[in-house]
Amino acid sequence: MSTLRALAQAQAVAAGVAQPVATVRHLHLSDRPLVLVPLALAGEANAPLAALVGAAPDEARLLVVPQPRNRDQRFAFAAELAGIVLPYLDEFRDRTEAVPVDRGRDVRHRYVDAPQVLVPNPAGITFLRLFGRSTRFRRPDGEHPVHPSVPLLGRWLTFFAERAEHPGSAALVALTEALTLHWATGQSAVEDLHLPALLGWLDPPPGLTGAEAAARAEDPARCPPAGPATDPDFDNHRLAPAIEAYTRAEDDPAARAAAYAELERLLRDQLTPTWELMWRGVGLLRALPPGARVAGRWDGDKDAFTAHAEHVDAGGGPQPRRDGAVAAAARLHRLERALASYAVQRAYDDPLVMAEHRLTGEAFVGDVTLADPKRVDDTGRRPVLRPRIQVVTTEPVLVPVGATLHSPARPGQKAKVVFVTPAADGKTEVVLELSGGMGRGLTAAPGSVPEVGERLCLTTLSDGFLPAGAFPAPEETPWTHGGPPAGAPAPDASAEEWS
Amino acid sequence: MTDTAQRLAEIRGGVPPRRHNARTIAALTGNPGCTRRAVLDSAGVDKPKLAERVGFPARFGQSRFAITRGNAFEAQVKADGGAELLRLVAERLGVPVPDGATWTDLGGDEDRPERSRAALTAPGDGPALFDHPLLGLDVAGRRVHLEPDLVAARLAGRFHVVEVKSFPVIDGQADPAKVAAAAIQSAVYVLALRDLLAADGQDPDLVSHEVVLVCPRDFANRPVASLLDVRKQLLVLRRQLDRMARIDDLLAAVPAGFTAQLTADPATLAGALTGVPANYAPDCLAACELAYFCRHEARGHTGALGRPVREALGGVAEVAEVLALAEGVRAPEPEQAEAAALLRAAARLRADALTGHPA
Ligand code: SF4
């Protein structure tokens with residue numbers, strides 16, 4: 001918890017409405033995100049009960065499972081969901097773009113855009129992850145055959161769930177997390193997990209404070225929970241009788257249709273308020289201008305989508321239940337790198353995020369008071385362009401002489417600290433020597449050296465290339481680290497016993 | 001009746017104390033620093049009713065789907081005189097699976113405490129399963145009876161608490177919050193079983209700190225057993241029960257005439273509650289029936305936003321004070337100097353960035 005964010009929370013309490021903690025949007029938002037609001041049956045292992053799905057506010061499709069404990073109905077739901085999700089994915093597969101690789105010596109192709117799935121909260125992501133796990137090993141043949149689209153859906157849901165763990169990915173997003181990345185409420189983090197309460201703080205109805213709107217949103221009788229868990233009172237007093245009525249009407253088609261319609265009505269009523277909140281939340285995020293590095297991160301999602309689509313097309317197998325030792329270590333390393341770079345990128349894109357680093361001494365802002373853009377260092381074998389500038393700041397400067405700093409305005413340039421001198425009025429003068437990002441030759445390209453009067457942010461954070469770790473090939477892994485793995489275990493999914 | 005018992009009865013308002021179960025005892029460890037809760041629970045006040053009476057009803061409803069499923073799974077696991085259960089537990093403990101075990105259902109009888117005591121302390125160390133033992137624990141000087149849906153398994157001469165839970169273990173992983181709740185509840189039973197043996201002059205360590213958790217595996221109904229080490233939970237529980245045993249110390253912090261009599265006028269009741277020190281934290285929402293009341297009362301306090309927020313604000317307790325220090329309109333107390341400097345810097349940077357200065 002940064003002090004800046006905590007202060008924004010305190011301000012939200014006093015103001016009665018959420019306060020911004022970002023000035024730009026830090027995630028990509030699709031024009032047509034697939035919004036998915038799932039509900040699960042209480043007490044069961046991730047048994048779907050219903051879902052509202054669609055890529056536009058007026059495209060909501062309701063799926064229900066009238067007897068959620070019935071395995072055939074569970075996979076019928078999966079097939080129905082696949083019937084929406086897979087065509088949605090295909091929408092992104094008709095155009096590719098060429099991307100230079102190997103320093104422009106070669107190109108590869110990737111889809112020009114990628115799908116984006118939005119769920120209300122992190123529990124929604126867990127639901128999709130487990131639903132992917134319960135479907136991706138199913139088979140269209142054998143003892144308990146399922147529709148061929150079911151295992152395919154499972155693999156795609158697993159793909160999305162894995163992307164969701166990748167910092168900075170926007171392929172599968174929990175809306176509560178996207179919103180709290182940009183606003184701070186006057187309630188705690190656990191309370192922010194409740195989408196209706198969160199939006200109560202973000203956008204309270206006229207005449208109510210955020211706290212009042214949130215308290216109102218917590219009453220399940222007034223506002224159904226955003227799932228996947230349902231309200232126990234709803235279960236006991238409305239859902240259970242409706243499921244019983246459906247079960248009783250087994251031999252009577254008319255009564256069964258009526259019971260089904262009643263179930264649909266009940267579940268639609270539970271889901272619709274969340275559906276509307278989802279699009280309201282999307283609207284709030286859309287109103288923010290995207291950060292400069294958002295598109296670059298979305299390119300990563302496009303790459304991942306392309307790679308997985310190719311893997312599936314080439315007949316590749318489903319993701320294993322658990323990664324082997326090398327794969328797990330490599331994945332962890334990748335996630336750590338992504339996390340570090342995501343944090344730096346947000347700071348570069350957003351002065352309000354950078355302010356957190358200024359508070360901890362990793363960055364300062366000052367005015368350029370002297371500049372020598374023509375300075376050449378000729379002490380080495382070849383003369384090199386090394387302009388110097390002096391920056392005066394009122395902020396504490398905690399970086400030592402010799403440190404290398406960067407400025408978000410000129411990310412390709414390095415600034416080495418040459419002198420740090422205390423000046424009058426508690427100010428500090430910092431002399432910096434610049435290298436890089438000024439073009440070739442001994443004359444700096446116009447605008448590449450900060451001019452006197454420019455306000456500049458300097459930071460130890462670097463968005464530079466982080467070297468990838470080297471991991472042994474699986475067959476070279478010592479047995480102490482999992483040994484040469486036996487490969488993915490043969491799925492014995494159909495052997496699982498069902499109620 | 002002792003003075004203390006008399007005082008607790010007054011707090012309760014003369015009605016009989018509410019019964020505890022393992023869940024309510026486990027919940028006692030949720031916010032150990034809260035006097036309000038410790039006193040109300042020691043007195044056996046009906047907190048759900050109290051919360052409703054003061055206008056902040058708790059929301060701890062249980063879905064009947066979950067209950068049905070839990071019962072069905074339990075019945076399945078315990079079927080056939082516990083043959084399957086015995087195999088699961090023995091295999092998980094790494095001991096040879098016995099050919100059979102005695103199965104004693106201690107439930108549904110008259111004289112249960114005595115029967116449970118006799119059965120569990122009887123000599124002999126052959127494999128045995130005891131279902132529905134009635135156990136007892138001292139909570140704030142009161143004997144509390146627990147009727148767990150639990151099996152105590154005696155294998156290789158040691159007792160293991162076996163808990164059957166219906167949440168799934170998928171690819172070897174279960175919902176951490178559910179596992180944590182199961183661990184602390186099991187610890188209550190371990191403690192009670194140990195007390196029972198100790199009272200009989202036997203070695204309490206015959207009851208293992210390793211609890212066997214039996215859950216459905218993956219998405220199906222086949223059970224899988226896992227081991228839970230509950231040593232940490234036992235310590236926490238012991239500490240809180242000891243604290244409640246020193247109820248007189250706790251009562252010293254309670255205003256003299258305090259009562260939580262449910263028939264009192266709601267405003268009076270709410271006022272009386274406010275007089276007993278609480279320690280609200282967002283975790284209370286999942287653990288204590290009074291949470292919505294206490295949250296309302298704690299509004300404007302940084303602690304209500306969560307401990308990390310409060311700490312990031314230099315530990316300053318009230319939101320108004322935080323903002324006054326941040327804006328520099330209030331002179332900090334000497335011990336607040338550092339926090340105030342941090343808050344002022346944060347406020348300046350925040351304002352700077354929001355008004356569009358470049359980064
Ligand atoms: S909700 Fe209130 S009474 Fe309960 S533990 Fe928290 S502060 Fe104490």
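Source: prediction; values computed, not measured. For the numbers below, each heavy atom of this structure counts, side chains included, while hydrogens, waters and symmetry mates do not. Reminder, nothing fancy here: chain letters follow the sequence lines and each chain counts from 1.
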* Asked: With no hydrogens and no angle check, is any side-chain donor or acceptor of A:Q319 less than 3.5 Å from a backbone partner on A:T158?
  -> no
* Asked: A:D219, A:N236, A:V13: which one forms the most heavy-atom pairs within less than 4.5 Å of chain B?
  -> A:N236
* Between A:V190, A:T459, A:L41, which has the largest tally of heavy atom pairs under 4.5 Å with chain B? -> A:L41
* Asked: Within 45° of the six-membered ring axis of B:Y292 and under 6.0 Å from that ring's centre, is NZ or CZ of B:R59 located there?
  -> yes
* **Heavy-atom pairs under 4.5 Å with chain B, option from A:Q9, A:R5, A:Q187 with the top count** => A:Q9
* Interface moiety of B:R310 toward chain A, non-hydrogen atoms closer than 4.5 Å -> neither
* Using a cut-off of 6.0 Å, state whether more than 12 heavy atoms not belonging to B:R18 lie near its atom CZ. => yes
* Does the ring centre of B:F219 sit less than 6.0 Å away from the ring centre of A:F131? -> no
* Asked: What part of B:L285 is in contact with chain A, defined as an atom under 4.5 angstrom from a non-hydrogen atom: side chain, backbone, both or neither?
  -> side chain
* B:A347 versus chain A, heavy atoms under 4.5 Å apart: side chain, backbone, both or neither? -> both
* Between A:T126 and chain B, which part of the residue has a heavy atom less than 4.5 Å away: side chain, backbone, both or neither? -> neither
* Choice from A:A45, A:A355, A:P68 maximising heavy atom contacts with chain B below 4.5 Å -> A:A45
* Tell me, side chain or backbone of B:P308 under 4.5 Å from chain A's heavy atoms, or both, or neither? -> both
